[in-house]
Every structure is written in structure tokens, then in C-alpha cells.
2 protein chains.
Amino acid sequence: MSKKETSGIVQFPSEGGRASDAIVDVLQHQILSGELPHNMPLASERDLMERFAASRTVIREAVATLASRGLLDAKPRFRPIVRKPGYDTALSSVGSIVELLLEQTGGVAPLFQSRVFVERGLVRDAAVSATKGDIADLKSALRRNKDALGDSDAFYATDVAFHAVLYEIPRNPIFPTLHRAYATWLAPHWSRMLRSPERNRVNYSSHEAIYMAILERDPDVAEAELVNHLHTAWEHVRQTFDIDE
Amino acid sequence: MSKKETSGIVQFPSEGGRASDAIVDVLQHQILSGELPHNMPLASERDLMERFAASRTVIREAVATLASRGLLDAKPRFRPIVRKPGYDTALSSVGSIVELLLEQTGGVAPLFQSRVFVERGLVRDAAVSATKGDIADLKSALRRNKDALGDSDAFYATDVAFHAVLYEIPRNPIFPTLHRAYATWLAPHWSRMLRSPERNRVNYSSHEAIYMAILERDPDVAEAELVNHLHTAWEHVRQTFDIDE
DNA sequence: CGCATAGTTTGGTCATACCAAGGCTTCCAA
DNA sequence: TTGGAAGCCTTGGTATGACCAAACTATGCG
């Protein structure tokens, strides 16, 4: 027989669990260990069924499971692509649920409120402990924001980028991911909000005030400006399509 | 023909996507709308294939998808149970990925650091705006914590409960969920840490100090005590099984 | 009326087949 | 030589049908 037992051929079909679980474990380990390199297409389902001595049903279930965990990027008609997980992986895997929650449980208000909470802490910390490099980053982000005052789309982008800098300062990979989460989940509501050069100017001057407060190492002012900034923006969102709270 | 088209019989097998997606949409809508009540077992697969005029393959895929989104609780050999999603649903759906991340990318340190960040903000806010009710809750939690000083297991539970009260104060459902996330993901490391009456006493006195600072409406002291509290605990975790930073 | 038992339902898995879209090779024409 | 069209092979998506063991239900006995 030409069957090679290169990797885990599993033999506990009983044991209560699903047969695919064992295969998931093996593939997951291979992905995490780098044995299956990032961005490499997975073997074909028919290959896998030979390697694991399992039916295609089980193989497909295993692949689906790994895809739901973000370890595989499985687009409809294409080969699944190996993805080594990062914090963003976790983010994308909750995406579908969160989107449901945003139109159910209390809507976007709690999420936005949490963002205000986080950014308040961020600007306080920035005011206390931002490095020269951080401040330089903020400054250039602010500059780009100013340059985009006339173009609402560009302004929005540089607005997001300015806030993103705040999330970089803690040097904790969770925060940039969190920022992407907020940007992703709040954007649909944000972008529908009317924009105008006047609004841009107001927002820009808030950014400037926050930057100045950080520069002057004043956490209280920084926080206050941030709160004012986001609350104002929130009011606009609320009024644009009145949210009940 | 006796085929009743009670609900969405889908007829775009083409259109590029997967056939199960359409079924997922229908079922998801029925779950969210309450048409399929919470905790109700889903119809059998064979019923569903009749209702949607689809093969069992597709039905099973749809069920798997909904399960991965947390809208169905599908245990191996049992009927899937309908679950109306909440923030905790999102939490459990990221669980498997986060657990992987914790033994990879930087380990638990970033997660713990984020917890410190969050709780700093929480105690500051508590100091500023806790209601009488909040303070009463903190007080009784503190009391239970004190009563459990001699029993390390009970102490751990009341410790977690004390921190949980802080997450209740913003009246934002995201925070209690976040607390459960921290409790879940950090517990495995936490619980392996050695415990002792002395450690309990140190921790309790920190809780007391935090409570007092909140009572005195002093955010700075509250934050400082909280930071001291968590950093001390973190040092112990680090030393217990030395983490490289 | 309680409980052991037999029959039925149902989820998990396998084997097979077909289709259409993606990929690849070949080969012609500019 | 080279760009691209035609045709073949591979592969993922779906449909059937079957079988098993566990879960569920009904039955009947003590």
C-alpha cells in the first residue's frame, strides 16, 4: 500500500466527540507551529481525506471549523488559505455577532460609550507618558488632518488615523486591534452622518486641543477635550438618525 | 404536491455564494425575531431539508455556521438549541481563538495590561460618579471578601466578585461581559498562582483601600491603589511561573 | 405507578456522483 | 517569440442514499 502515515492518523472514532475534532487539532497545531506556512493554500480536500483516512464530510467539517476560528480563510470557490492568528483574527471572528448585537441589544450606544471610556484613558496616559516619538506621530497625524480639512472623505480618514495614534501609544497590540474594531463597527453609522467643512473644522480643533493638552502634560484637560470631542460627534450621529438614547 | 412553503424557500442556487447562506439568513432572522424562542430545540435536520428544499449537506452546514456564530448551541449528539445572542455570545465565540493567542503572541501580558488599563478607568469613574447603591454594592462585596479571608478558594471567588462590581457601575452591558472575559482567560494563570492567608490579607487590604478612595471621591488615590493592587498580583503570577516580561 | 424494554427518530459518518468554476496546458496566430 | 483563446483536469459545492449508535418514545410488565 502506498498510504503514508506522515501525520496524525486518528483512531478514536468513538470517545463521544466529533471525528473532525481530532483533525482540527492536528491542522491547528500545524498552522500554529508554522509547519503550514502563513498564506499557503491548504491541501485539497481529497488529499486531506487520504492523509487523515476520513470521509470528505469530516474533512469539510474540520475545514469549516478552522475557518470559523480564523485559522483558515475559506472563500467560497477557492482553496482555503492558512492564516496564522493574531488579535485581528479574533476581531474578525466576532464581527458577525457584534453586527447583530448592534441592531439589537441597546444598539451602538454601549459600544460608543465604551469607546469614550477607552479613549479617555488613552489620552490621560498619553498626557502622562507619551514619548517624543509618540508626540511626533500625533503631530504629523494632526497635520495630515488639517491638510484634509477641505475634503470630507480625506478628513474622515485622517480623523480615524489621528485616533489610531492614541491606540498605538500603550505599545500593546490589543489596542490597535480595538481601534480597528471601533472603526469597523461604528463606521456604518458614522459615515452616514452628514459631513461638512464646518464639522470638519470643529473636529479638527478638538484634535488640536487634545494634542496641545498632551503636549502640556495635562491629563485632565486632555480627557475633558476628548470627552467633549466625542460627545459632540455622538450628538450629531444621534440627530442624523435619532437613536433612542 | 404537499410541499408547504411556510417560510423562506430559497431559489438562488447560483449567485456565487453558498446555498447554506440563504438558509442561515432565514434561521438567523427567526432566532433574532423570537419566532424561534430562546432555549427551544431546533427542528430536526430532516425536517429542515424538507422545509428549505435542500440537501442534508446544506442544512448541516447552515446549522454549523449558526452554531459558530453562537446562535445555536450544538452539542455533539443532541438537538441544537436556539440561543438569542447577547454580548456574552460574542465572548464565547472568540474564546477559542483568544486561548490560542495567549500561548503565542506575547502571552497573557498584553491582556493583563489591558485589564489594568480598564480597571484604572473604572475606579476613577467610580470615585467620581458612583451612586449610593454602587457604594453599597462595593461595601457588601468587600464584606464578603473579608469574611472569606481564611478560605483561599472562597477568597478568590469574592475577589473576582469585588472587581465585578466595578464593571457594573458604568451600567453598560459591555463591561460585565468584559469582566467575564478577563476572569475566564486569566483564571488559568491566576489559579495556578500560589495562595495563602497572607496574600489574601494583602489583597483584601488593597480592596479596602480602593473602596475607601472611592468613598472619599478621590480618583487619583483610587487609581493608584488599583494599580498597586494589580501590579503586586501580577508580580506574583510572574514569579510563580516566570513569564518573560 | 415506576421502570425495564423494544421500537423509532435523529445526528454523525461514509461512499458516490455530478456540476460548475478555477487552474493549467496546449497550441494557434499575430 | 509571445499573447491569448480553447480545451482538459482539478477542486470545491451540492445531492443522494445508506448505516450506525445514541437519544427519544412508547410499550408493557411487575
Side-chain angles (χ1 to χ4, degrees), chain A residues 1-3 8-27 31 36 39-83, chain B residues 1 3 5 8-27 31 36 39-83:
Chain A
M1 56 165 76
S2 69
K3 202 181 312 163
I9 290 182
V10 203
Q11 59 256 35
F12 352 153
S14 55
E15 203 231 302
R18 305 171 211 265
S20 63
D21 288 346
I23 298 175
V24 167
D25 286 345
V26 173
L27 289 178
I31 293 173
L36 293 175
N39 282 351
M40 159 166 288
L42 195 64
S44 79
E45 295 178 354
R46 285 160 177 96
D47 279 349
L48 291 175
M49 51 186 288
E50 196 178 337
R51 293 220 277 107
F52 290 101
S55 70
R56 224 173 125 210
T57 309
V58 173
I59 297 295
R60 284 180 60 77
E61 191 174 315
V63 169
T65 300
L66 289 169
S68 82
R69 293 189 191 172
L71 298 180
L72 290 177
D73 186 15
K75 282 179 302 182
R77 283 243 160 226
F78 295 79
R79 210 69 157 280
I81 307 290
V82 172
R83 297 292 189 208
Chain B
M1 54 165 74
K3 205 183 306 169
E5 55 231 11
I9 290 182
V10 203
Q11 58 256 33
F12 353 149
S14 54
E15 203 231 301
R18 307 170 210 266
S20 63
D21 289 346
I23 297 175
V24 167
D25 285 346
V26 172
L27 289 178
I31 292 173
L36 294 176
N39 282 351
M40 158 166 288
L42 195 63
S44 79
E45 296 178 353
R46 285 160 177 95
D47 278 350
L48 291 175
M49 50 186 289
E50 196 179 337
R51 291 221 277 109
F52 289 102
S55 71
R56 217 169 130 217
T57 309
V58 172
I59 297 295
R60 284 180 59 77
E61 190 173 315
V63 170
T65 299
L66 289 170
S68 81
R69 293 189 190 173
L71 297 180
L72 291 177
D73 187 15
K75 281 179 304 182
R77 285 238 157 229
F78 295 79
R79 221 45 172 286
I81 308 290
V82 172
R83 297 291 188 208

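Proteins come first, then strands; the chains are lettered A, B, ... in the order of their sequence lines, and each starts at number 1.
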Interatomic distance, Glu45(A) CD vs dC14(C) P [rounded to whole Å]: 14 Å
Between atom CD1 in Ile23(B) and atom C1' in dT14(D), what is the gap in whole Å? 11 Å
Report the distance from atom CG of Asp47(B) to atom C1' of dT8(C), rounded to the nearest whole Å. 14 Å
Within this structure, what is the CD-to-C1' distance between Glu50(B) and dA15(D), rounded to whole angstrom? 16 Å
Not counting sequence neighbours, which residues clear side chain to side chain contact (heavy atoms under 4.5 Å, CB included) with Asp47(A)? List them please. Ala43(A), Ser44(A)
Do you know which of Leu66(A), Leu71(A), Asn39(A) makes side-chain contact (heavy atoms from CB on, under 4.5 Å) with Arg83(A)? Asn39(A)
Excluding sequence neighbours, so at least two apart, what forms side chain to side chain contact (heavy atoms under 4.5 Å, CB included) with Ala67(A)? Leu72(A), Ala74(A)
Distance in angstrom units between Arg60(B) CZ and dT10(C) P, rounded: 14 Å
From CD1 of Ile59(A) across to C1' of dG12(C) the rounded distance in Å is 15 Å
Please give, in whole Å, the distance from dA21(C) P to Arg18(B) CZ? 16 Å
Short N/O separations, protein against nucleotides 16-26 of chain D, under 3.5 angstrom:
{"unit_1": "dA18(D)", "atom_1": "N6", "unit_2": "Arg56(B)", "atom_2": "NH1", "d": "3.4"}

Integer-rounded Å distance: dG11(C) C1' and Glu61(B) CD: 17 Å
Which residues pass the side chain to side chain contact (heavy atoms under 4.5 Å, CB included) test with Thr65(A), not counting sequence neighbours? Val24(A), Arg69(A)
List in chain and number order the residues that pass side-chain hydrogen bond (donor to acceptor under 3.5 Å, both in side chains) with Arg60(A), two or more places apart in sequence or in another chain; answer none if no residue qualifies. Glu45(A)
Side chain to side chain contact (heavy atoms under 4.5 Å, CB included) against Asp21(A), all qualifying residues, sequence neighbours excluded: Arg18(A)
